[in-house]
Amino acid sequence: GAVVSQHPSWVICKSGTSVKIECRSLDFQATTMFWYRQFPKQSLMLMATSNEGSKATYEQGVEKDKFLINHASLTLSTLTVTSAHPEDSSFYICSPEARDLAKNIQYFGAGTRLSVL
Amino acid sequence: LAKTTQPISMDSYEGQEVNITCSHNNIATNDYITWYQQFPSQGPRFIIQGYKTKVTNEVASLFIPADRKSSTLSLPRVSLSDTAVYYCLVGEGGNQFYFGTGTSLTVIP
């Protein structure tokens, strides 16, 4: 159980465009979704936490208007990087909370590498 | 939330046992200790989890002393494919989502 699908795996875009990343929990329902960002040779940094049907909670220093999170259903959450710039180039990883499966274990998507030209 | 400290990097020869220690001095009573493995350009993958004493599964063992202020991930007979970054996370339920620096393990032929 706990299969997480994240799409796309790699995206290249021009500066100023918006990019949407999808994260799906395929065999479980996730009331909570965690979004991380990882720069090269660094650890994962939590960006935001979203609960299904409500607004996301952003970590300090993360611009909520730039990183739009939608968690409209128990199996799908999206992260939209608006007006992307080269400094937004990073590896983005989602982690739906599989509360009913294994209480203290997190399952992660495969990640999306964003390259902004 | 319990802060974790791990060595930044380790090297090991193929076939040897590798032990990676994580310090978590302010671990709370209800906190679990969970280790994840991450390969480049992939999401982290669950390895093992424990609360106290010793836990073993098909890929690793986790040793936790009685005071629970540290834990040691043991990988038996590592191979080149075990080269990765290993993270320990401490928390309860949905509260263990802050990653530390991790330990970059390089297995040498």
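Throughout, protein chains are lettered first and strands after them, A, B, ... in sequence-line order, and every chain is numbered starting at 1.
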TODO: Using a heavy-atom cutoff of under 4.5 Å, enumerate the residues of residues 77-94 of chain A that contact chain B, numbered in order, or state 'none'.
DONE: Phe91(A), Ile93(A)
- [ ] Check the pair Phe108(A) / Gln38(B) against side chain to side chain contact (heavy atoms under 4.5 Å, CB included), numbers first and verdict last.
- [x] CA-CA 10 Å; Phe108(A) 296 86; Gln38(B) 186 184 28; over 6 Å; no
TODO: Select all residues of residues 100-109 of chain B having any heavy atom within less than 4.5 Å of some heavy atom of chain A, and report them by number, or 'none'.
DONE: Gly100(B), Thr101(B)
TODO: Would you please test Gln106(A) and Thr34(B) for side chain to side chain contact (heavy atoms under 4.5 Å, CB included) and show each step?
DONE: CA-CA 9 Å; Gln106(A) 282 183 266; Thr34(B) 312; over 6 Å; no
Task: Structural part of Gln42(A) lying under 4.5 Å from a heavy atom of chain B - done: backbone
Open item on the list: Check this for me: Lys66(A), atom NZ, are more than 12 non-hydrogen atoms of other residues, nucleotides or ligands nearer than 6.0 Å?
Closed with: yes
Joint hydrophobic cluster, [X] plus [Y], side-chain heavy atoms closer than 4.5 Å:
X: Val19(A); Y: Tyr36(A); value: no
X: Val62(A); Y: Trp35(A); value: yes
X: Phe63(B); Y: Val18(B); value: no

TODO: Over all heavy atoms of both residues, which pair between Tyr87(B) and Gln38(A) is shortest? Give the atoms and the distance, please.
DONE: OH-NE2, 3.4 Å
Open item on the list: Using every non-hydrogen atom in the two residues, find where Ser43(A) and Phe99(B) come nearest and quote the distance to one decimal.
Closed with: OG-CB, 3.3 Å
TODO: Indicate yes or no: at least one non-hydrogen side-chain atom of Tyr98(B) is less than 4.5 angstrom from one of Met45(A).
DONE: no
